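Just so it is clear, the model here is predicted, and its values are computed rather than measured.
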Amino acid sequence: MNNIAIRNARIVTPMGFAAAKGKDMGHLNIIDHGAIVVTDGVISWCGDDDDFPSTYSSDNYRIIDAGGRVVLPGFVDSHTHLIFGGYRPDEFEWRLKGDSYMSIMERGGGIQSTVNATRTESAGSLADKAQWFIDRMVEMGVTTVEAKSGYGLDTESEVKMLDVIQHLADAPEQKLRIVSTFLGAHAVPKEYKGRTGEYVDMMIREMLPAVKDKAQFCDIFTEKNVFEIEDSRRFLQAAKDIGFKLKLHADEIVTLGGAELASELNAVSADHLLHVSDAGIKRMVEAGTVATLLPLTAFALKEPFAPARKFIEAGAAVALATDLNPGSCFSGSIPLTIALACIYMNMTIEETITALTLNGAAALDLAGETGSLEVGKSGDMLILEFDNYRMLPYYVGMNCVNTVISKGRVVCENLEVV
Ligand code: NIG
Ligand code: FE
């Protein structure tokens, strides 16, 4: 029974069925003494607790007394590399000693090292490992996650990764919603070293048709010495032509025009954007492309943070996500993402909440389905330990979540994944 009613709650939520842009990101709707009802997994009533309809009785609904604590929409982590073989702690140490992310990649480490490990690992073992990370996400209040392929880089291994994602998404007891992204254009694999154009040709000819029905989004690492603008445009256009929605890893390491390309192709989101140009910001606002910022990556790479304020002041829709991956950012911490956004990117806590809920959903083209607490949306929400949402950044890097509800099902209670 996915029927649940939460009473005596402070309901805090952005509003709308599309991304909140610019200063609208700072507007949260607050019901101080509210109640919310989920029927068959979908929000059927939300309002003042004094008006709670008596039809929702404990015969048919599990009633939870929130004790005045905050209820928020479930968090949406709209950018992760959840499926991967092995780990790369050695590279993390090299970087601490002064190596750069790109120099490690250029000498055959980095993404290629995870590709080697992922190709040889079985689908079952990749899935078990990913499920462990999913359970950690759920504890932090994530109810929707995006997962990318991109550590196969040959048709068979990319298909294996996407099948793992599909298997996890369809598991009957799965605790959250999983959206899958094809990222065959994550790096040029060693077999194609020096032949980037031929790898792009092969992806267009062979991989795209093979993965067409296995992922909703297609993504690419548009970067100097990886896939530059012309190859990125060619690849993304081919993906778009067969029905993929687009995302880009854009302007992460250098300013290359990834944001402009994302806008030109009407990508749903452009991600990273540490080195975005002012023209790129303007183009993204015009195109309505969501700016997905990943502060944990900037932090872990000791790079400057993306210009969140510039985006918001220009009227953009900003989303925040973790970028969990075994290389540039081995962290999926929602609490630390919140802290970095507020402390270093000067986002307000209200903007940060919108970026991790409604705008995260918009970055996955799911703003009509999740990301806010409104009648008709999925029953994805969390109860904090506190009665004040401002505790989220103040309790720096620590988890404020007590209970998590996904499609009306309690999936984590008193911090125990159930
Ligand atoms: O989003 N920059 C490219 N891709 C990932 C890192 C992947 C890896 O290092 O394994 C990113 O930062
Ligand atoms: Fe990434």
Side-chain angles (χ1 to χ4, degrees), residues 1-17 28-76 134-135 137-145 169-178 334 353 356-358 360-361 366-389 391-392 399-418:
M1 166 176 97
N2 292 353
N3 291 352
I4 210 160
I6 306 177
R7 303 201 54 177
N8 190 19
R10 175 165 289 148
I11 296 172
V12 177
T13 180
M15 296 292 280
F17 289 72
L28 298 180
N29 193 55
I30 300 177
I31 308 173
D32 271 326
H33 184 235
I36 185 160
V37 182
V38 180
T39 305
D40 290 332
V42 176
I43 299 173
S44 54
W45 191 88
C46 182
D48 205 282
D49 193 86
D50 293 338
D51 303 328
F52 186 78
S54 55
T55 39
Y56 300 120
S57 78
S58 56
D59 297 343
N60 301 317
Y61 286 79
R62 175 170 170 196
I63 314 273
I64 295 178
D65 181 347
R69 291 176 299 178
V70 169
V71 173
L72 290 173
F75 293 129
V76 178
I134 288 173
D135 287 350
M137 291 171 180
V138 171
E139 290 169 346
M140 295 181 284
V142 174
T143 52
T144 301
V145 67
D170 293 344
E173 290 302 302
Q174 190 50 271
K175 299 168 188 99
L176 40 62
R177 176 186 294 100
I178 303 177
I334 298 291
I353 289 171
L356 273 169
T357 55
L358 183 59
L366 285 176
E369 191 176 326
T370 189
S372 64
L373 299 176
E374 293 175 79
V375 171
K377 287 216 184 177
S378 176
D380 304 333
M381 61 196 81
L382 52 95
I383 308 176
L384 294 185
E385 189 62 40
F386 305 104
D387 63 3
N388 184 346
Y389 65 87
M391 298 297 275
L392 282 166
N399 193 6
C400 294
V401 173
N402 176 286
T403 295
V404 184
I405 294 159
S406 188
K407 295 185 185 163
R409 181 161 72 97
V410 176
V411 290
C412 176
E413 197 159 19
N414 297 319
L415 273 185
E416 301 263 330
V417 173
V418 288

Tell me, do [X] and [Y] make a side-chain contact under 4.5 Å, heavy atoms counted?
X    : Y    : answer
L392 : L384 : yes
L176 : V411 : no
F52  : V37  : yes
P14  : T357 : yes
V404 : M137 : no
E374 : I43  : no

Distance from [X] atom [atom1] to [Y] atom [atom2], nearest 0.5 Å?
X    : Y    : atom1 : atom2 : result
I36  : I31  : CD1   : CD1   : 7.5 Å
S372 : L28  : OG    : CG    : 11.0 Å
T403 : I6   : OG1   : CD1   : 8.0 Å
I405 : C412 : CD1   : SG    : 10.5 Å

Requested in this report: For E139 and V401, run side chain to side chain contact (heavy atoms under 4.5 Å, CB included): C-alpha distance rounded to whole Å, both residues' side-chain angles, the deciding distance at 0.1 Å, then the answer.
Outcome: CA-CA 7 Å; E139 290 169 346; V401 173; over 6 Å; no
Query raised in the report: Will you find, in the side chains of D65 and N8, an N or O donor that is under 3.5 Å from an N or O acceptor?
Result: yes
Which heavy atom of [X] sits nearest a heavy atom of [Y], and at what distance?
X    : Y    : answer
T13  : P73  : OG1-CG, 3.5 Å
V410 : R62  : CG2-NH1, 3.5 Å
A35  : W45  : O-CZ3, 3.6 Å
T143 : M381 : CG2-N, 4.5 Å
V76  : A361 : CG1-N, 3.7 Å
V375 : C46  : CG2-N, 4.2 Å

**Report entry** Qualifying salt bridge (charged side-chain N to carboxylate O under 4.0 Å, His left out) pairs, either residue in residues 32-45, two or more places apart
**Finding:** R10-D32
Report task. Any chance you could lay out the side chain to side chain contact (heavy atoms under 4.5 Å, CB included) test for I383 and I64, step after step, and finish with the verdict? Result -> CA-CA 10 Å; I383 308 176; I64 295 178; 4.1 Å; yes
Report task. Please list, chain by chain and in numerical order, all residues satisfying side chain to side chain contact (heavy atoms under 4.5 Å, CB included) with R177, sequence neighbours excluded. Result -> T144, L366, E369, T370, S378, D380, K407
Report summary line: Sorted by chain and residue number, the side chain to side chain contact (heavy atoms under 4.5 Å, CB included) partners of A169 (sequence neighbours excluded) come out as Q166, I178
